[in-house]
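Chain identifiers are assigned alphabetically (A, B, ...) following the order of the sequence lines, protein sequences preceding nucleic acid strands; residue numbering begins at 1 within each chain. Quick note: numbers below take in every heavy atom, side chains included, and nothing from hydrogens, waters or symmetry partners. The structure presented is a predicted model; accordingly, all values stated were derived computationally and were not measured.
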Protein chains: 2
Amino acid sequence: MYTYPLSSRILLAIDCIIFGFDGKDIKLLLIKRNFEPEKGNWSLMGGFLKEEEDLEAGAGRILHDLTGLTNIYVEQLEVFGKINRDPAERTVSVVFFALIQIDEHDAEAVKSHNASWISLDKRPQLIFDHNQMVDRAIEHLRYKAALHPIGFELLPENFTIPQLQKLYEAIYNTPLDRRNFSRKLLSTGLLIDTGFKNNNSATKKATLYRLDTIRYKEKFHAFWNFMPDAMKTPQS
Amino acid sequence: MYTYPLSSRILLAIDCIIFGFDGKDIKLLLIKRNFEPEKGNWSLMGGFLKEEEDLEAGAGRILHDLTGLTNIYVEQLEVFGKINRDPAERTVSVVFFALIQIDEHDAEAVKSHNASWISLDKRPQLIFDHNQMVDRAIEHLRYKAALHPIGFELLPENFTIPQLQKLYEAIYNTPLDRRNFSRKLLSTGLLIDTGFKNNNSATKKATLYRLDTIRYKEKFHAFWNFMPDAMKTPQS
DNA sequence: TCAAAAGTGTTTATATTACACCCATGA
DNA sequence: TCATGGGTGTAATATAAACACTTTTGA
């Protein structure tokens, strides 16, 4: 069998951007490293691809290690491959973009990794090129959420329209008109009324909806054009 | 300095999907391999990332080798990393998506690589997972061209509206209404009348336009919503 | 003078925006 | 009973879609 004798092998890392939503702010799951290198500094959760492991499986493993969850929404975001991005050794990192329901994570696992949920506007400096990775992920979140129904991935199974609106307002950092938002959302046909009401509110209780998962899959790749026109200047 | 003694190094490949447009069909630049492995079979143009080379530089090098061009429109598409995708050895491939102006390539360079421009519907089976890569790239082309003004990257500097329409009809494999297409396009403000007319036509000569590169850059990230609604079911 | 392709305008339907009032709840 | 947040309707505007005739050209 043919082999490739002349080419050099490179260390392949996986880094995960993990977004959550606490009902008010978009948060990132970051770790304060209690291991080398860069011990004591903040970074994304990551690891190295194993020899006997597919790329997506590697991302799944790393995400499961930290959160205890499987079936997380994950996509490849971008590969970061600058020569000196890791001062220790040439390392190419495949960055994954994950959205999780913040209240479902395993708090023990998170704690044992010395990880915390941190609001976007309070995030510390991160090691290496992880800041750029996060910037890129935020851009991607804004872009993708305007075109595809991914917002739901950040909410619990049953959610209210005002909750979803707060999520979008947090993503785009802008207020939205309640009436237009609600109409547009309901007109997608993606929401099913559970018949229940939200109990959290001290005032009028909001209707709890759930996703129509069939239509969600059908409509996922359709363009949504969800944000008002003024917001339409994100990227790539 | 810290190193990563326990992790395994992996061969990192770069594969390039290169699209062109000949005025009628979307074409792919593919190579009939006159080297091992898989000699005699068709594949994408590719190579291995060098130790002293950034990822994007590697893609640029491979694209330049084959086409003689620099300043090609390139983006990262996706990383393919299944364990056994290359039977010779574990190889992870970063796939790049490139659009070129077909008449500007260096025919000699292409010939010396045993490469040819092949219409999408006539493409042969490719080695390894290169068929999936191409499928993914076609999806991406349809998706991206509906939202961003990338079609121009496939046309000569001066082009006519009917040429651009034929390009979009080729991408989406569907006829478009000339009047609506033209109005929508001109309303973007992206086109500048060169004052010249196309001489190719045996009938009425079409106006030659060029891109307003300033506005092109400004508007690149704005959503375009360019294709009619019926077409809006591509992906990711 | 005729065939082939370019250029343009209007009407209709649909989607988006802006905006204000009433309702339910528990403190 | 009042403050807070939830729910809904309508009119004006903008955008998109469907559709047909006139112009230019060179064979």
Side-chain angles (χ1 to χ4, degrees), chain A residues 23-24 146-147 149 155 158-170 172 174-210 219 222-233, chain B residues 23-24 146-147 149 155 158-170 172 174-210 219 222-233:
Chain A
K24 198 153 161 286
L147 295 171
L155 292 180
N158 293 340
F159 54 87
T160 68
I161 292 182
Q163 274 179 321
L164 195 60
Q165 182 175 340
K166 285 194 193 75
L167 170 61
Y168 276 83
E169 290 177 332
Y172 297 98
T174 191
L176 297 172
D177 184 272
R178 264 173 39 239
R179 294 156 289 193
N180 294 339
F181 184 85
S182 167
R183 179 173 341 101
K184 200 160 189 173
L185 194 62
L186 290 170
S187 75
T188 61
L190 254 47
L191 267 50
I192 297 172
D193 188 332
T194 61
F196 297 103
K197 299 276 174 181
N198 192 353
N199 263 332
N200 303 349
S201 170
T203 63
K204 183 171 180 179
K205 278 127 173 61
T207 306
L208 282 162
Y209 292 90
R210 62 186 172 82
K219 288 211 168 191
F223 302 157
W224 237 25
N225 237 21
F226 205 72
M227 294 303 296
D229 286 343
M231 292 288 93
K232 291 183 179 173
T233 31
Chain B
K24 201 154 157 282
L147 295 172
L155 292 179
N158 294 339
F159 54 86
T160 68
I161 293 181
Q163 275 179 322
L164 195 61
Q165 183 175 339
K166 284 194 194 77
L167 169 61
Y168 275 83
E169 289 177 333
Y172 297 98
T174 191
L176 297 172
D177 183 272
R178 267 178 30 244
R179 295 157 290 193
N180 293 338
F181 184 84
S182 168
R183 177 170 345 98
K184 200 160 189 173
L185 195 61
L186 290 170
S187 76
T188 62
L190 255 46
L191 266 49
I192 296 171
D193 189 332
T194 62
F196 297 103
K197 299 277 173 178
N198 192 353
N199 263 330
N200 302 350
S201 169
T203 64
K204 182 170 181 177
K205 278 123 172 64
T207 305
L208 282 163
Y209 292 90
R210 63 186 172 81
K219 287 211 167 191
F223 302 158
W224 236 22
N225 237 19
F226 206 73
M227 294 303 296
D229 287 343
M231 291 288 91
K232 291 183 181 175
T233 30

Trainee: What integer distance in Å separates Leu191(B):CG from dG7(C):P?
Mentor: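 It is 11 Å, rounded to the nearest whole Å.
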Trainee: Specify the separation, in whole Å, of atom CG of Leu185(A) and atom P of dG6(D).
Mentor: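 From Leu185(A) CG to dG6(D) P: 14 Å.
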Trainee: When you measure from the side chain of Lys219(A) to the backbone N and O of Leu190(A), does any donor-acceptor pair fall under 3.5 Å?
Mentor: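 Judged by distance alone, no pair lies under 3.5 Å.
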Trainee: Which letter, B, S or -, goes with each nucleotide of nucleotides 18-27 of chain C from 5' to 3', with contact meaning a protein heavy atom under 4.0 Å?
Mentor: BBB--BBBS-
Trainee: Separation of Asp193(A) atom CG from dG6(D) atom P, in whole Å?
Mentor: 16 Å
Trainee: Which pairs with one or both residues in residues 175-198 of chain A pass ring pair (Phe, Tyr, Trp, His ring centres under 6.0 Å), sequence neighbours excluded?
Mentor: Tyr168(A)-Phe181(A), Phe181(A)-Phe226(A)
Trainee: In whole angstroms, how far is the P atom of dG26(D) from the NZ atom of Lys197(B)?
Mentor: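 In whole Å, dG26(D) P lies 13 Å from Lys197(B) NZ.
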Trainee: Could I get the full list of salt bridge (charged side-chain N to carboxylate O under 4.0 Å, His left out) partners for Arg179(A), not counting sequence neighbours?
Mentor: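 Testing Arg179(A) for salt bridge (charged side-chain N to carboxylate O under 4.0 Å, His left out), a comparison that skips the adjacent residues, returns Asp177(A).
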Trainee: Expressed as a whole number of angstroms, how long is the span from Phe181(B):CZ to dA5(C):P?
Mentor: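 In whole Å, dA5(C) P and Phe181(B) CZ are 17 Å from each other.
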Trainee: In whole angstrom, give the distance that lies between atom CG of Leu186(B) and atom C1' of dT8(C).
Mentor: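 Rounded to the whole Å, the gap is 11 Å.
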Trainee: Which whole-number value in Å describes the distance from Asn198(B) CG to dT25(D) C1'?
Mentor: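 After rounding, the gap between these two atoms is 13 Å.
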Trainee: Figure out the CD1/P separation between Ile161(B) and dT24(D), and round it to whole Å.
Mentor: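 Atom CD1 in Ile161(B) sits about 17 Å away from atom P in dT24(D).
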Trainee: Could you tell me which residues satisfy side-chain hydrogen bond (donor to acceptor under 3.5 Å, both in side chains) with Lys197(B), sequence neighbours excluded, listed by chain and number?
Mentor: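 For Lys197(B) the side-chain hydrogen bond (donor to acceptor under 3.5 Å, both in side chains) partners, ignoring immediate neighbours, are Thr207(B).
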Trainee: By ring pair (Phe, Tyr, Trp, His ring centres under 6.0 Å), which residues pair with Tyr209(B), not counting sequence neighbours?
Mentor: none
Trainee: When we call it a touch if two heavy atoms are under 4.0 Å apart, what does Thr207(B) touch: a base, just sugar-phosphate, or nothing?
Mentor: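 Sugar-phosphate contact only.
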Trainee: How would you label the contact of Ser182(A) with the nucleic acid (heavy atoms, under 4.0 Å): base, sugar-phosphate, or nothing?
Mentor: nothing
Trainee: side-chain hydrogen bond (donor to acceptor under 3.5 Å, both in side chains) with Gln165(A): which residues, sequence neighbours excluded?
Mentor: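 With sequence neighbours excluded, Gln165(A) shows a side-chain hydrogen bond (donor to acceptor under 3.5 Å, both in side chains) to Glu169(A), given in chain and number order.
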